[in-house]
Amino acid sequence: MARFLITSALPYINGIKHLGNLAGSMLPADVHARFRRLQGHEVLFLCATDEHGTPAELAAAEAGQDVRAYCDEQHLIQRAACDGFRLSFDHFGRSSNAPNHALTQHFCEKLEAAGLIEERTSKQVYSVDDGRFLPDRYVEGTCPHCAFERARGDQCDNCGRLLDPTELKNPRSKISGSTNLEVRDTAHLFLLQGKMQERIRAWVDASTEWPHLARSIAYKWLDEGLIDRAITRDLSWGVKVTQEGRPRPGFENKVFYVWFDAPIEYIAAGAEWAEATGGNWERWWRTDKGANDVTYVQFMGKDNVAFHTVSFPVTIMGSGEPWKLVDRLKAFNWVTWYGGKFSTSEKRGIFMDRALELLPSDYWRWYLMANAPESSDAAFTLEQFQQTVNADLANVFGNFVNRITRFGASKFDAKVPDGGAPGDLEAKLAKDVAERITALTRHHEDMEFRKAAAELRALWVLGNEYLQVAAPWTAFKTDVDYAAVGVRTGLNLVALFAILAQPFVPDAAKTVLDALNIPEASRSWPKAGDTGLLDTLPRGHAFTPPDVLFKKIEDADVAAWTEMFGGG
RNA sequence: GGUGGCGUAGCUCAGUUGGUUAGAGCGUGGGAUUCAUAACCCCAAGGUCGGUGGUUCAAUUCCACCCGCCACCA
C-alpha cells in the first residue's frame, strides 16, 4: 500500500466549466484517484475554485454582485456540477478561504527571509473614475504603430506588436470607458525567480518520470532565463500583503497576484480538508512530517505546465521549507467543439451543468476518457459521442450485463447456478481476461486513459465472445450442467467487468454490483496473480437483473442538442 | 517571429528504436445467431502513413525545407 496525493488544476471561478475543462484535468484526476483507492492505496484528492484576480471582479460587476457574494454563488454552482459528475474530491476548497490567505502570506514572508523578494516601484495606469489601477490589458487605445483603434495595453491585436499601456494614444479604461486616466507610481513585490534558476534546473533534471513534453517546456523556460515577477497587484479582492503578520506598510490597498496565491491553494485545500475532517494535512504535504512516502500527482491542461514545473516550484523550494513537490504530472491538450473552440460568449459547446441535464454523468465520463485529448487536441462531436456511447456502453457492456442476468434469472431462478465444471473454453477465457487485466492495470498506472478505456472495452467484448460460443441458451436444452457453467462464468464476468469499470463509470458499476449483491469489501481491484476470478460468486448466491444500464442516444436527441448547442 | 506538439483508412485514434501483406474502434457491405437494449459474434472492403527533397540495400518510421492545425513564449 502506498500513498497518493492527487490534485487537479483549479477551475477558475468566473462561470461553470465546459466539457473541455473537465476532460483536461478534473475528470482524469478523478479516474486516477478512484483507481488508486480501489487498489487499496491511501489517497488524498484535492481540488478548489481559483477565485482571485481581475476577471472575477469584472464578472461579479457584470452580474451586479459583490465579488465575495459572486464567488460564494459560483463556488456552489461549480461544486454541484462536480458532485454531479461524481468527482470524488476528498475536499473541494476555495482559494479565497482563510487557510490560503495564511499560507500565501506565510510563503511570501519565508521567501522574503530567503532574500527572494524585492520591493520595486513602477509606473502604471490609474483610472480616476474607476478608482483603481488598470491591468495592462484593461487599458484600450489607439496603437502608436498601426493606428488600430482598439489596441490593448499589452499588445495590439491588429499588428501584433507588444505595447506598454503608456504608449497608447487616446487611452481609455476598458472597464468603464473613462478617459480620465493618469500614470502613477506604484510599488510591488517582485519574486526573484532568477536566483532560483539552478535549483529548479537541478530538480527538473532529476524529475525523470515526467512526460517528455513537460520537461521540454520546463527547460525552455529555464534556458530563456527565469524573469523576476511581480507577485502583487493594486486590487482589493485577494490575499492581503503582510509583513511579520501585520499589514505591510504601503501595501494596504494591494493584494497578491492570483498566479501567486492560486497554486498555494493546492496545499491550503489540504488544510481545509483537515479542518473539515480532523485529518492531518501536513502528513501529506510536509516531507518532515510524514509525506516522504507520498507520491504527488498533478493533472493539468497543457497551458499550465510551465506554472507547475517552474513557477510554483520556485515558490515552494524558495521557502526553504520541506514541502512536497510534484512527482508525476499528466498534461492534456484541449477538447474542441467540432474542431473549433468552446466558447461561452458564443454559446458554442456544452457546459458541465447542461450536460448533466441531458444525460447521466457516466455517459460523459466514458466518452471524454475514451477520447481523452492525450496526444493532441480531440474533437468533440455529438455524432461521435452518440456512436461511441451507444456502442461501448449500451451495446457491449450494458447488453452483456442484461443478456446474462436475464437468462440466469429465467432459467436458474436468479441464483448463481451450481453444477458442471469449467473446461478448455473457460480456461482460455481466464487466460485472456488475466492478460487484459494486466494491461488495463498498467495503463491506469501509466495514466494512459484512452488505452485503459480501450482495454476495458476489449474485456467486455471477451465476455460477449465467450457467451456466443458457450451459448448456455442452446446447451440448456440438452446439457443443463454445461449451461450452468456458462451462466456462472457469465455472472462472474459481470461482477468483474463492473469492478474494473468503477473508475470510469462509477454509477453504472455500482448499479451492477448492487444488483449482484456484491459486498463493498469485494469490489476492490484485482491483484496481479489473482486466480479464480471467473468463479468467485458462491453457488446459490442470489441476484436481481438490473434495469437497462444505458439507454441509447437517439438520432432525435442528437438533432435536438445540435439545435440547442449550435453544433456543427 | 521563436520554441514545442500534431498531421496515418469516411470518422476518432494506435503504431513503427528503419525491414516481409501498416493496426483498433466506429461507420459501410456480407454471414451466423436469437439469451439480450433490432443488441451480440464472425468475415470483408477501405489508406501513395500532410507535401517536396535527402541519407540508406531499404523510410510511413531518420534529416532538411514547405504547408496546415494547436499551445506556450516574445
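Values below: every heavy atom of this structure, side chains too, minus hydrogens, waters and symmetry copies. A, B, ... follow the sequence lines: proteins, then strands. Residue 1 opens every chain.
Using a 90° window around 0 for the glycosidic torsion, B:G46 falls inside it and is classed as syn.
Comparing B:G10 with B:G53, their C1' atoms are spaced 31 Å from each other, to the whole Å. Rounded to a whole angstrom, the distance from the C1' atom of B:G7 to that of B:U17 is 22 Å. Spacing between B:A24 and B:U61 at atom P, rounded to whole Å, works out to 22 Å. Atom P of B:G29 sits at a distance of 43 Å from the matching atom of B:C72, rounded to the whole Å. For the C1' atom pair drawn from B:A9 and B:C26, the interatomic distance equals 12 Å after rounding to whole Å. Rounded to whole Å, the C1' atom of B:C13 lies 27 Å from the corresponding atom of B:U52.
The base of B:A36 sits within donor-acceptor range of the side chain of A:Asn399, with an N or O pair under 3.5 Å.
Residue-level contact check: A:Ala454 touches neither bases nor backbone, having no heavy atom under 4.0 Å from any strand. Using a 4.0 Å heavy-atom cutoff across all strands shown, A:Phe550 reaches at least one base atom of the nucleic acid. As judged by a 4.0 angstrom heavy-atom cut-off over every strand, A:Lys451 is placed among residues touching the sugar-phosphate backbone only. The residue A:Val461 sits close only to the backbone: its heavy atoms come under 4.0 Å of sugar-phosphate atoms, none of a base. Using a 4.0 Å heavy-atom criterion, one finds that A:Ala306 contacts no nucleic acid atom at all. Among the atoms of the strands shown, base atoms are found under 4.0 Å from some heavy atom of A:Leu549.
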A:Tyr266 and A:His308: side-chain hydrogen bond (donor to acceptor under 3.5 Å, both in side chains), yes or no, with the steps? CA-CA 11 Å; A:Tyr266 284 140; A:His308 288 79; 2.7 Å; yes
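For the pairing with A:Phe400, the ring pair (Phe, Tyr, Trp, His ring centres under 6.0 Å) check across A:Phe497, A:Trp460, A:Phe550 returns one residue only, A:Phe497.
Across A:Pro373 and A:Trp334, no two heavy atoms sit closer than the pair CB-O, 3.5 Å.
In terms of position on RNA chain B, the residue among A:Tyr367 and A:Phe407 whose nearest nucleotide sits closer to the 5' end is A:Tyr367.
Stacking annotation: A:Trp473 is stacked on the base of B:C35 (ring centroids less than 5.5 angstrom apart, interplanar angle below 30 degrees).
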